[in-house]
S.K.: 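Quick one: this structure, given as structure tokens, is what I'll be asking you about.
Predicted model, so just to flag it, every value in this text is computed and none were measured. Residue numbers begin at 1 in each chain, while the letters A, B, ... track the order of the sequences.
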Amino acid sequence: MSDPVLTLDRVSRDYVRAGRRLAAVDEVDLVVHRGKTLGIVGESGCGKSTLARLALHLVPPSSGRVLREGQDIARLDAGALRRLRARMQIVFQDPNASLNPRWRVGAIIAEPLRAQGWSRQKRLDRVSEVLDLVGLPQDAVDRLPSAFSGGQKQRIGIARALAPEPDLLICDEAVSALDASIQAQILNLLTDLQARLGLTMVFISHNLAVVRHVSQRVAVMYLGRIVELASEADLFDRPQHPYTRTLIAAVPEPGRPLQAGSVRGEPPDALAPPSGCHFHPRCPLAQNICRRISPPLIEAASGHLASCHFPGASAS
Amino acid sequence: MVVFIVLVAVFAHWLAPHSYTRTDLFMSWSLPDARYLLGGDAVGRDILSRLLVGAQVSLTIAFSVLTIVLIVGTVLGTIAGWHGGWADGLITRATDLTLAFPELIIAIIVAAIMGPGVPAVIVALSLVGWTGIARIVRSLTLSLRNEAFVEAAMAAGTRPAAIIVFHLLPNMVPALVVRATAGIGFIIMEEATLSFLGLGVQEPQPTWGGMIRDGLPALRTEPWMAMAASAALAFTIVGFNLFGDGLRDALDPRGARR
Amino acid sequence: MSQYLARRIASFVAMIAVAVIATFIANRFVPGDPVLVMLGDQSSNLDLAARLRADYGLDLPLHEQFVRYVTGLLRGDLGLSFRFPGVPVGEVIADGLRISPVIGLAALVLSLTLGTLLGAIAAVRAGSLVDTGLMFVVVIGLSVPGFVVATGLVWLLSVRLGWLPVAGWGTPQQAILPIIVAAIGPIAYFARLTRTFLLETLGQDYVRTARAKGVPERGVVLHHALRNATVPLLTVAGIMMGGLITGTIVVENIFNIQGLGRIAVTSIAARDYPVTMGIVLLFTLFYGTINLLVDIAYVLVDPRIRLAVS
Amino acid sequence: MTIPVDLHEALTIEDLRVGIGRGRDRVELLDGISLSLRRGEILALVGESGSGKSMTALAAARLLPPGAELGARRLVVGGADVASAGGAALDRIRGKSFGFVFQEPMTSLNPLLTIGEQIAEPIRLHLHLDRAATRSRVIDLLGAVGFPAASTRLDDYPHQLSGGQRQRAMIAMAIACNPPFLFADEPTTALDVTTQAQVLTLLRSLCRERGMGMLLITHDLGVVSAVADRVAVMYAGRIVETGPAAAVLAAPHHPYADALRRALPRVSAKVARLEALEGQPPSPRAFPTGCRFHPRCARATARCRTSVPALVPSGLRTVACFNPIAETKETAP
């Protein structure tokens, strides 16, 4: 469990909406280990995309530290930060929006290399390499993104991310905009690339099945907080937090009856989160203590963290 | 149409059969004939020559104003949209305040302070026009900076200045070109209105607006000058507006339905 | 909502303040000494000069002049005319005050009703011959300045056919052409925007929902699309006032009507700055008030603003 | 013209075709779609983007955008013949004989009208109730779709509601006149997974209680299994397989349906590697000849490239394939 590539140390990010403070990410502690994939799952508005931007220092934290191999990113000077950017890259959700429609594919993929000051010849060589890597034809370089299908555009986005040889790749809903058959192609590509290149990945998605498929460890977020963190098998087969159980039960899947009975209400307004445990108004297990005290994220079973006063308890 | 107008304006002095200032009292309010193809004005100057040179005056003013507002509007709009914070507040408030005044009122104040003339027209129209460009550029900057490809560029380590120049500006060009073409028609129209009211271009420089004003009292007997200048003005503005519409449809398939 | 209105009122006040300062500057920092102009051939009469200077407050320090100007404005006193020494601006423009609002408001009503109607017809029949024809006329109306249209109409209706008087003010016949000319630009502008916004709302998902509920086409257009198109239309209705003011000033000059616009232009020529600036202030006040009313109407129409948490 | 109508029939689509453009620009989006549903039955129409599944629902509801041309041998929705109806007749059918639930509850509700007004609109148009009766019916409807304290939410505007509540309001509007049939076009795609489960459960129980037939458009096989009795799988403007939902999802006969199932990651178990279907769905401008799936199909033969396989009944299923995966005859459940 050593060699952390990325560490989040009590990281928060606030926004001000209509004069009120909104904690998009609320004191999150997280460690991402080398060569592994950490999945982050949660519903819309839970803060998972903000977490991705914090990890890459695209937005600075309001408090707390983001450490890259033990070094606080916020303390790096502009040059060091730019050099670090080469080593941490992101794949976005919407392949249409994340590629500048007026740039040719070659220039798009070479952009991070240009920012690092690579020579023209080295850029061309590297672009050709990564095109092979993601399974795109070499003649793609001279075409515009509009000439490609959604799945191919996502390959271009992956090629751009891989071009500067990063060791950390963050995928923010990277397959959510794709059709089922294309989604499987891209998921396979990502897992293959990880194995070949020894990448460390953070895979963010609202889709539980996709997160389970690619991740070794999984964190569940609810209203800016991590409520459960465990290995993929532990989390999905032995969930400790009632919210995680609710989420898993709500996923419709062929050959599995839908268990909607256990789900109550909708995620509350993030501007006015409930007191204590944010989940208590929807929780079948909620007691008085849940309304008053926010449960810490502690070990509920071996290597299995949950933020619940009654982890593992069942509703019946 | 537009090409024709621009060519006429550029070669106005060369095309004009007579000097636009030469008076010939024998030709006062003369009917169109072989010498003065469109007749003469009150002091016997060749209407055709004055019309042609008037095109040059109008377009010179229009393009000067356009250049000024494009530069000022783009720079301020980009700063407001990208920087945000107090710079945005200041610039947005300035545009709102300018827009809070009717165009002609601004022109009247400027004309009153500077005295009527070409410089006053250019200042007044620039003062009015920069807000439109600044608003568009600001909102384009705001929406573009939230585009995933701009975020991708930031993640790639591209410097902000490079992001603005290589990512934002190229994506603004179509909207700005469309706006600028439509703007020319608008500026010509405003200039003509000011000149018509006597607040714009002054004698002896010919201007369509002024020719229409001078022709108005004689409308009953000698409608040539007012009619010819009206036609030239309408032709030019319609031309630029249709050109702008065409450009918009060509550059933005989404807005093709007008 | 109250926050939204407070912001609007604040910007209205700011606008008036800027107008007051701008007109003060224009009045005081113009080239030439107004007293010398007023004196004319009596320029050697120093007593008269001193008296005029005192009447106009020009002998006071600048900040006192400003205070005097502002307090005067608050009482409705726009100062004294230069061209007619000793005559209050209010008297010079009194006739104009009776005429210009009539032209402006009549043109406003005409452009709102006719503009909406023509735009709605074009949008509902988008792509048809009616639409193409209407939009062609609209482009002409937008492109051709009011005074050009006026020139043509005067030549045709007054000179050639003799139906309407060429100029002047007082009879209903004399009012017809000026009002039409002042309204043409705004009608075209409003028709075009109505068409654009209506087409946009007609393409919205909730219009499809209305159709799926069995709402008849008339109800879809009037109740769902046009009502929703009113929201963006309102925002431009305020801006359109600028065009109406321009139109009013222009027609008064074409038809030689002694309204505010005509007086403003002759005053500029006569370097009568207090009168010019008084009129500028009045137009600004009118324009600002209309825009404030539009902002309030906006709140009434759109619940998303009305019910926004503040 | 009178058409014999089966009282239990909720939807009959026969040989539905939709195309846009003329001459060389002509594009056929739907090619001979036939479907039928009985009252109380839920049929899921599943496929990837561009397969024509939403187009099928819009065409059957006569809500196609201008420019799209529709042709059908028979189009009966909720007992009403919509193929020949036009203008006022169509307005009397929509909202009364069928309701329609759209994908985006935010944009599909009018932002300037309260949800009470919007739900009351079809009642006013079709049932001609007075004010008080309309109001109490709207309150009943809001209660039926699971609005807590319905009478206090009547005057809320859409922007004051959560995503799930908006979709509930949309459903209340669609069922306001108690129609025998409901179209639901991706009704839960814009919702979070926990809200989706609630809305799906609601839709299913409404169909059961009211004997309402429902055509559910979705891209999600999980949603199909959660609510549908039967399923129809679409690919490139054609239906390739129909049958009981559970049976088709468990063992599809058409290679495309099978590939779709295999490409899906599961939340209940982890597989080492997904069996991805290579290539991508064709554009309507360039549909392949013969079976439109043949370029991506592992079982394709020469015949698939040249001739179009018809939908052939096989037990309770129909399959349009020359080389289906299993030929076993099924027995009725």
S.K.: Could you check which of D:Gln280, D:Glu278, D:Gln196, D:Arg273 has the highest count of heavy-atom pairs closer than 4.5 Å to chain A?
M.R.: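 When all of D:Gln280, D:Glu278, D:Gln196, D:Arg273 are compared, D:Arg273 has the most.
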
S.K.: Has the side chain of A:Glu253 got a donor or acceptor atom that lies under 3.5 Å from a matching backbone atom of D:Val267?
M.R.: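 Checking the backbone N and O of D:Val267 against the side chain of A:Glu253, a donor-acceptor pair under 3.5 Å is found.
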
S.K.: Answer with side chain, backbone, both or neither: which region of D:Leu200 has an atom nearer than 4.5 Å to a non-hydrogen atom of chain A?
M.R.: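 The side chain, not the backbone.
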
S.K.: Side chain, backbone, both or neither: which part of D:Ala269 has a heavy atom under 4.5 Å from chain A?
M.R.: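 Backbone only.
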
S.K.: Do you know the tightest heavy-atom contact between D:Ser268 and A:Asp237?
M.R.: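 Taking D:Ser268 first and A:Asp237 second, the nearest heavy atoms are O-OD1, 4.3 Å.
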
S.K.: For D:Arg262, is it the side chain, the backbone, both, or neither that has a heavy atom closer than 4.5 Å to a heavy atom of chain A?
M.R.: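 Neither part, no heavy atoms under 4.5 Å.
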
S.K.: Using only non-hydrogen atoms and a strict under-4.5 angstrom cutoff, which residues of residues 40-49 of chain D touch chain A?
M.R.: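 Hits under 4.5 Å: D:Glu48, D:Ser49.
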
S.K.: What residues of residues 181-195 of chain A sit under 4.5 Å from chain D when you count only heavy atoms?
M.R.: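 Answer by number: A:Ser181, A:Ile182, A:Gln183, A:Ala184, A:Gln185, A:Leu187, A:Asn188, A:Asp192.
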
S.K.: Report yes if some heavy atom in the side chain of D:Leu264 is under 4.5 Å from a heavy atom in the side chain of A:Pro254; otherwise report no.
M.R.: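 With C-beta onward as the side chain, the pair touches.
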
S.K.: Tabulate, in ascending numerical order, the residues of residues 171-180 of chain A having at least one heavy atom closer than 4.5 Å to a heavy atom of chain D, or enter 'none'.
M.R.: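 Within residues 171-180 of chain A, the residues that come under 4.5 Å of chain D (heavy atoms only) are A:Asp179, A:Ala180.
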
S.K.: Is chain A contacted by the side chain of D:Val224, its backbone, both, or neither, given a heavy-atom distance below 4.5 Å?
M.R.: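 Neither part; nothing is under 4.5 Å.
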
S.K.: When only pairs under 4.5 Å are counted, which of A:Ser149, A:Gly151, A:Pro252 shares the most heavy-atom pairs with chain D?
M.R.: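 Highest number of heavy-atom pairs under 4.5 Å: A:Pro252.
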
S.K.: What are the two closest non-hydrogen atoms of A:Glu43 and D:Asp192, and how far apart are they?
M.R.: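 Answer, listing the atom of A:Glu43 first, then D:Asp192: OE2-CB, 3.0 Å.
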
S.K.: Minimum heavy-atom separation for D:Lys270 and A:Val214, please, with both atom names.
M.R.: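 The answer is NZ-C, 4.4 Å.
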
S.K.: Roughly how far apart are A:Phe236 CZ and D:Arg266 CZ, rounded to 0.5 Å?
M.R.: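 So the CZ of A:Phe236 and the CZ of D:Arg266 are separated by 14.5 Å.
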
S.K.: Side chain, backbone, both or neither: which part of A:His213 has an atom under 4.5 Å from a heavy atom of chain D?
M.R.: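 Both parts, backbone and side chain.
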
S.K.: Quick one: which residue pairs count as a side-chain hydrogen bond (donor to acceptor under 3.5 Å, both in side chains) with a foot in residues 215-227 of chain D, not counting sequence neighbours?
M.R.: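 Qualifying pairs: D:Glu186-D:His219.
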
S.K.: Can you tell which part of D:Leu260 gets under 4.5 Å to a heavy atom of chain A, answering side chain, backbone, both or neither?
M.R.: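 The side chain, not the backbone.
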
